[in-house]
Protein chains: 2
Amino acid sequence: MNIALDEKKVSDAVIPRILHYLRVIQQLEKSDKMTISSEELSKIANVSAFQIRKDLANFGKFGQPGTGYDISNLKKYLLDIIGSKEMCNLGLVGVGNLGSALLNYKGFEEEGLKFVAAFDKDEGKVGKVCGNVIVEHSNNLKESIKKNDVHIGIIAVSVDNAQQVADKLIEAGIFSILNFAPVVISVPKEITLRDVDLSIELKALRYFSVNK
Amino acid sequence: MNIALDEKKVSDAVIPRILHYLRVIQQLEKSDKMTISSEELSKIANVSAFQIRKDLANFGKFGQPGTGYDISNLKKYLLDIIGSKEMCNLGLVGVGNLGSALLNYKGFEEEGLKFVAAFDKDEGKVGKVCGNVIVEHSNNLKESIKKNDVHIGIIAVSVDNAQQVADKLIEAGIFSILNFAPVVISVPKEITLRDVDLSIELKALRYFSVNK
DNA sequence: GCGTGTGAAGGGTTTCACAGCA
DNA sequence: TGCTGTGAAACCCTTCACACGC
């Protein structure tokens, strides 16, 4: 029943799936079902039942043989696994179309994600209210990141400025970066960087669709 | 030298990496370098040189032993592999914050991706010009999708409407869907669906950062 | 000599089959 | 009986080492 983080290294592929299961469980919570078997979950999540049981077994024994998993308990366990108990503070750089959309998106807060700072180098945008934050000038970045205890930096600037912004974020003490600029950024290996490259998503989608 | 598509099934993991190499090559094109070795490419792309050579070998022999890869040729080959020669038509459903940002993003066109239609159920948005398209009412979806030859449908509506929109897109003849709604959508197996779930990206980022 | 392309080795992840428990 | 948890098998992907070509 113990949640065994850091005991043995859990495969990287597991975590996105755990988060995916959590999505499904959140949907199921709205129904009147109390328990669910790995087989049923499999059909909704499009992941094999074997895989689901193996993934969960990485972290403990949550299921009842003969019955399945208690939905509301499973949710708690999954949240524990990914460590979503406390709020995660986000800082955004680049308040363009995409940046504004992210700041104004209402869905993050209930997921434990919260924008606490936003930056732009355009004086015209500085001072503007976007979502729950007031846009600051990029010159304030380092100071504000520390003051607001930002955990994750989000890059939503143009290709030309992305590397430079990444460097500034790292200099400000950020260890986790989500990059939306369609460019390959280099960071020291102690920094965790993930890219969301929509052109790549769309082209991969087309490829898989054609070669299915 | 032949591009051997559909000869033997290429692993799914290869394609996103191919697109990633293409990003790097596009950046390199701006420099005055003419050729690059897998070793040099490895450092920029953060992928092992073995991996790069293996990935490319899936599709043919592009490299010069002793020299490396000709940058502008490699670009052509990579574009061939992923079939990016002709324009890919995009249709968007849900002209909210995120939807508008996507429609107004200038970077897609040069990547061979083009919005040709956008839909919303809100009468107030219908008729508005966003990027290169005029927003249509969702009731026109089926007709307009066919008329404009939309290849990929993009879902940027709320959680509650996502499944229904997916069903409508499929009914309209769409086979490829990119879903931004943070919900698990079910589609028939002949449909290719990819999710971009930003909350999951952020939480995975945090997990990997903490457990690094 | 330098760097690619590739068969073989290695490692890791998914699949399977079944023991064990409710 | 029904379904989980798990060691073993199968599979796939990455890594390696080296033969070959420039």
Side-chain angles (χ1 to χ4, degrees), chain A residues 1-4 7-21 24-25 28 33-71 73-75 77-78 81 204 208 211, chain B residues 1-4 7-21 24-25 28 33-71 73-75 77-78 81 204 208 211:
Chain A
M1 210 62 100
N2 280 343
I3 306 237
E7 262 187 19
K8 58 181 172 204
K9 169 75 177 159
V10 172
S11 160
D12 278 3
V14 175
I15 301 307
R17 280 199 302 264
I18 292 282
L19 290 163
H20 183 67
Y21 305 152
V24 177
I25 293 296
L28 285 169
K33 267 182 95 64
M34 299 302 287
T35 67
I36 189 166
S37 70
S38 60
E39 203 61 53
E40 291 173 285
L41 201 49
S42 164
K43 289 195 187 95
I44 305 176
N46 282 312
V47 177
S48 77
F50 307 120
Q51 187 75 75
I52 293 173
R53 294 205 298 273
K54 252 291 197 286
D55 284 345
L56 295 177
N58 277 301
F59 302 98
K61 304 186 185 189
F62 311 132
Q64 291 285 335
T67 311
Y69 301 89
D70 180 280
I71 289 178
N73 270 332
L74 185 54
K75 184 188 173 187
Y77 289 130
L78 294 178
I81 290 167
F208 288 127
N211 297 75
Chain B
M1 209 63 102
N2 281 345
I3 307 235
E7 263 189 17
K8 57 180 173 205
K9 169 75 178 158
V10 172
S11 159
D12 278 3
V14 174
I15 301 306
R17 281 200 302 266
I18 292 281
L19 290 162
H20 183 69
Y21 305 152
V24 177
I25 293 296
L28 285 168
K33 265 182 98 62
M34 298 303 286
T35 67
I36 189 164
S37 70
S38 59
E39 203 61 56
E40 292 172 284
L41 201 50
S42 164
K43 288 192 186 98
I44 305 175
N46 283 313
V47 178
S48 78
F50 307 120
Q51 186 74 75
I52 293 172
R53 295 206 298 275
K54 246 313 194 262
D55 285 345
L56 295 178
N58 278 301
F59 303 98
K61 304 185 182 188
F62 311 133
Q64 291 286 334
T67 311
Y69 300 89
D70 181 278
I71 289 178
N73 271 331
L74 185 54
K75 183 188 172 187
Y77 289 130
L78 294 178
I81 290 167
F208 288 128
N211 298 72

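Order of the sequence lines fixes the chain letters, A, B, ..., with proteins taken first and strands second; residue numbering starts at 1 for each chain.
The structure places NZ of B:K61 at 11.5 Å from OH of B:Y69, a figure rounded to the nearest 0.5 Å. Separation of atoms CZ (A:F62) and CG (A:D70) is listed at 12.5 Å; rounding is to 0.5 Å. Atom-to-atom distance recorded for A:K54:NZ and A:S11:OG is 12.0 Å, nearest 0.5 angstrom. Between the CG atom of B:L41 and the OG1 atom of B:T35 there is a distance of 11.5 Å, given to the nearest 0.5 Å.
The nucleotide range of DNA chain C contacted by chain A, defined by atoms under 4.0 angstrom from heavy atoms of the protein and reported 5' to 3', is C:dT13 to C:dA22. Once you apply a 4.0 Å limit to the heavy atoms of chain B, the touched nucleotides of DNA chain D run 5' to 3' over D:dC13 to D:dC22.
Contact check for A:Y21 versus A:L74: no side-chain heavy atoms found under the 4.5 Å cut-off. Looking only at side-chain heavy atoms (C-beta outward), A:V10 and B:N211 stay at 4.5 Å or farther from each other. Two residues are said to be in side-chain contact when any heavy atoms from C-beta on lie closer than 4.5 Å; B:S42 and B:I52 meet this criterion. Looking at A:M34 and A:I71, their side chains never come closer than 4.5 Å, going by heavy atoms from C-beta outward.
Comparing A:A13 and A:P65, the nucleotide of DNA chain C nearest to each residue sits closer to the 5' end for A:A13. Nearest-nucleotide positions on DNA chain C place B:R53 closer to the 5' end than the other of A:D55 and B:R53.
Taken over five-pair windows at either terminus, the axes of the helix from C:dG1-D:dC22 to C:dA22-D:dT1 are inclined to one another by 10° (rounded to 10 degrees).
For the pair B:N58 (side chain) and B:D55 (backbone), a donor-acceptor distance under 3.5 Å is present. A:E40 places a side-chain N or O within donor-acceptor distance of the main-chain N or O of A:S37, the cut-off being under 3.5 Å.
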